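Structure, as structure tokens:
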Amino acid sequence: MKTRTKQYKQRVDAALATPKLQQALHQFGDAYLLAREKAFEGFDFEQLRADVAQMKDCVLVDRQQLQEQFIANAEAAGARVFLAKTAEDANRYIADLVRERGVRLVVKSKSMASEEIHLNRAIEKTGAKALETDLGEWIIQLAGQRPSHMVMPAIHMFKEEVAELFSKQTGREEPAEIEHLVQVAREQLRQGYLEADMGISGANLAIAETGGIALVTNEGNARLATTLPKIHVALVGIEKLVPTLEDAARVLQVLPRNATGQQLTSYVSWIRGAVPCDGKAKELHIVLLDNGRGALAESDKCRDALRCIKCGACANVCPVYQSVGGHVFGHIYIGAIGIILTAFYHGLDKAAELVRACIGCRACVSVCPSRIDLEGIILHLRETLGDEEGVGAAKSLVFRKVLRNRALFHTLLRTAAKLQKPVTRGERTIRHLPLFFNSLTEWRSLPAIADKPLRDTFAAIPQQIGKPQYTVAFFAGCLNDFVYPEMGESLVKVLNRLGVRVTFPKKQNCCGVPALYSGDRETATELARQNVEALLAGSPDFIVTTCPTCTMALQRDFVDQLKDNPAWAARAEELSAKTIDVARLIHQYLDAGDVLGEVAEKVTYHDSCHLKRGAGVWQEPRALLEQSGRELVEMAHADRCCGFGGSYSFSSHPEIARRILDDKLHDIEQSGATCVAMDCPGCLLQIAGGLDNRRSKVRARHTIELLAESVGKG
Amino acid sequence: MNETNLIRTFCDAAEAVGAEILRPAGSEQALGMIRELATGPVALPAFPSGERLGLAAGLAGLGIELLTGDLRAGAAAAALGITGVNFALAATGTLVLESTPEPIRLASTLPERHVALLDPKKIIPDLVAATPLLRQFHQQQPQNYLAYITGPSRTADIERVLTIGVHGPKELYILLLEGLSDDPLEM
Ligand code: SF4
């Protein structure tokens with residue numbers, strides 16, 4: 001194992017052993033969602049974020065011209081503008097200024113860009129002192145740490161720790177009461193503004209139309225730091241450029257709402273040019289920072305990340321972030337966007353572990369106010385990393401030699417079904433695995449590979465159906481085929497009753513997601529071809545799925561993988577258009593009303609990440625369950641990831657997956673339901689395994705199985 | 001939205017973020033309210049509607065110690081800072097202060113209490129409606145420091161607990177007084 005990986009694993013373990021931190025981040029995540037919902041009441045979030053995304057995309061196209069316009073206007077207003085290509089350039093410019101002007105004290109308001117380039121270090125090398133004045137930043141400066149959140153830098157610290165730091169500073173015993181501590185900060189930092197020779201700020205917006213910047217803050221320190229000292233340096237990432245004041249307003253409408261659930265922050269300061277300061281004109285320097293942003297703009301697959309307005313929401317809702325915090329799941333920038341920015345601003349090597357730590361649940365994508373497909377970009381970075389560092393010798397051999405060769409892959413699975421006998425003792429679940437695999441069954445039982453896969457038994461399933469309304473091809477996916485073949489039988493039973501004939505194209509292979517998510521795009525593309533060929537063969541009306549991850553592969557990934565290949569692109573599109581998950585098929589195209597008999601059962605529903613946020617399906621299965629007479633009770637966080645994530649829970653991050661599963665099991669049990677339904681065999685493996693391990697009375701089922709039970713009664 | 005609704009929306013929103021709304025019947029009562037709040041010296045920068053109201057003379061007449069001039073030395077020692085308001089945003093309870101003159105910034109930032117005088121005629125709907133005015137400010141003057149102020153200073157940086165008054169004012173009073181000014185470009 002690489003030293004880098006080893007150190008990273010140690011940090012993960014340490015974070016997972018800090019329940020207090022996890023509890024704080026979980027509570028924060030809950031409170032955040034409520035506040036956010038309230039803040040957006042009466043607004044159309046989808047529309048707002050579409051507008052922001054569109055505006056930011058225009059900025060990307062016109063960036064050269066906008067930058068020139070901004071500089072010209074800023075200079076006309078008396079600012080000096082410096083273009084810093086790299087972090088070193090920016091640090092050198094500011095440090096030189098500090099030296100030349102004989103600055104002894106610099107007061108800083110919060111700036112992630114300054115964290116990004118380690119500006120404080122550069123300032124202190126000149127002999128001057130840099131004083132952070134944002135409360136959170138000051139706390140972590142005193143603690144000698146780095147921010148663990150972009151908006152709330154000290155979110156990982158507790159009041160007792162803060163009291164200790166402050167006591168050292170004041171030489172008094174400061175009680176650990178929040179209000180008191182805030183007052184201590186007020187008094188301690190006040191003198192700083194009055195004495196400082198230079199104030200440094202970031203900027204949330206740089207407006208080309210005016211040549212001015214805008215600062216979005218709550219504490220008031222930025223107002224003081226940009227008013228009292230005679231020199232003001234604003235360090236501004238070039239992605240903060242917006243064309244007009246209207247565009248600035250667009251960002252302001254979503255930024256505070258999405259960051260902290262505020263309608264607006266306490267202060268928005270619009271500063272243009274050399275404003276008056278102590279009877280003279282202020283000396284204003286604007287340092288426009290590139291540091292990798294230009295390269296990001298050039299990257300087809302990743303450039304959308306430049307739309308980011310740094311609201312921090314992608315971390316707030318992230319189950320991985322909530323489990324390990326920003327010091328582990330981040331470098332300087334944290335959370336989903338942090339992974340991407342780290343790769344471009346600090347190097348792919350610094351991002352390598354983080355790229356793999358994303359579980360792919362897309363919670364971030366659903367709240368991002370700039371509509372960035374964070375998961376898609378992270379996936380791409382994983383591929384790039386796969387090319388750079390390799391996918392891992394054993395894995396890549398499996399992908400190349402086994403997965404691509406369907407016959408071999410399936411023979412191996414059949415063999416495995418026989419070989420596992422000693423551990424399963426003839427049961428359908430595995431509670432203990434031998435030796436080093438043991439850690440995988442210590443927290444969840446695993447289902448055994450079925451004696452006979454669905455592909456072998458399918459032909460024998462009787463299909464009693466006269467003149468079918470539709471003929472559909474069933475894409476089972478590996479789990480449904482080899483682990484849960486009975487799910488396929490349920491599907492046939494229900495669909496037959498609704499007048500649909502089901503076929504099973506035998507040449508279907510793995511959807512390729514395990515390879516794709518591990519960074520082996522080549523194997524994934526080969527599998528895409530095999531499946532397009534197999535599934536379109538009989539010209540079915542639909543291709544129906546029971547696994548939303550497969551659905552995403554068929555609907556989205558295949559199209560992307562084959563789009564540059566004229567022989568395949570159109571067929572991939574056709575497959576994409578015909579693919580539908582079984583719940584939506586029944587709900588939208590068939591009438592299940594008379595067929596479903598009443599089952600008295602209290603059921604709760606778990607939204608699979610890829611079904612809800614990938615395919616947009618979440619109402620349909622709920623409606624079907626209610627049609628079957630079941631009482632539906634909602635669990636808390638129904639659409640939070642269960643921690644499966646395919647190989648995420650098996651090989652890359654089983655410890656984090658386990659922590660996320662614990663949260664899910666807790667929510668299920670709290671709901672009071674006796675059954676939890678879901679529409680994903682992966683989630684089922686994870687949740688059923690967890691419940692079994694706890695000896696829970698709650699049963700876990702795929703929705704199609706529950707519908708099959710009802711059909712039996714109808 | 002008509003004027004009454006704008007005022008109501010503004011007051012609700014401002015109170016929701018912790019500002020206090022005061023509605024004196026006339027200028028005399030307004031001065032009295034300020035005196036109640038002035039537990040020490042008052043930072044009073046120059047602004048047109050304040051001059052029209054005769055604030056300086058009125059407050060001095062009530063025996064209040066006034067700090068005027070550039071305020072760089074004085075404002076930190078003031079118990080209270082008084083400013084006008086150019087206009088306000090109903091939806092968010094926001095005050096917009098054209099604070100390019102440094103004393104306006106100091107009086108609204110350093111003291112623990114900030115009293116802002118607002119003519120209710122100058123309440124407009126929201127951020128979006130403010131943009132044309134923002135542009136006019138930028139066209140009027142070569143340099144600008146414009147401030148949107150929404151409630152008192154706040155932080156949630158320790159254990160995410162909302163705490164009021166970290167670096168800026170701990171208390172924000174909005175004094176609604178008719179007849180101050182109906183020009184949003186004027187404070
Ligand atoms: S990526 Fe989106 S959600 Fe994350 S910080 Fe940026 S704007 Fe916010």
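Values in this document were obtained by computation on a predicted structure and should not be read as measured data. Residue numbers begin at 1 in each chain, while the letters A, B, ... track the order of the sequences.
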Structural part of [X] lying under 4.5 Å from a heavy atom of chain B:
{"X": "E161(A)", "result": "neither"}
{"X": "R190(A)", "result": "side chain"}
{"X": "M152(A)", "result": "both"}
{"X": "V162(A)", "result": "side chain"}
{"X": "T226(A)", "result": "both"}

Part of T163(B) lying under 4.5 Å from any heavy atom of chain A: side chain
Contact listing (chain A partner; residues 125-148 of chain B; heavy atom under 4.5 Å): L127(B), V128(B), T131(B), L134(B), R135(B), H138(B), Q141(B), P142(B), Q143(B), N144(B), Y145(B), L146(B), A147(B), Y148(B)
Residues of residues 6-22 of chain B with any heavy atom under 4.5 Å of a heavy atom in chain A: none
Does any non-hydrogen side-chain atom of [Y] lie less than 4.5 Å from one of [X]?
{"X": "R105(B)", "Y": "V275(A)", "value": "yes"}
{"X": "V182(A)", "Y": "T155(B)", "value": "yes"}
{"X": "E102(B)", "Y": "K282(A)", "value": "no"}

Derivation and outcome, side-chain contact (heavy atoms from CB on, under 4.5 Å), residues H149(A) and R160(B): CA-CA 12 Å; H149(A) 190 280; R160(B) 307 158 324 281; over 6 Å; no
Where H167(B) and N221(A) come nearest, the two heavy atoms and their spacing: CD2-CB, 3.4 Å
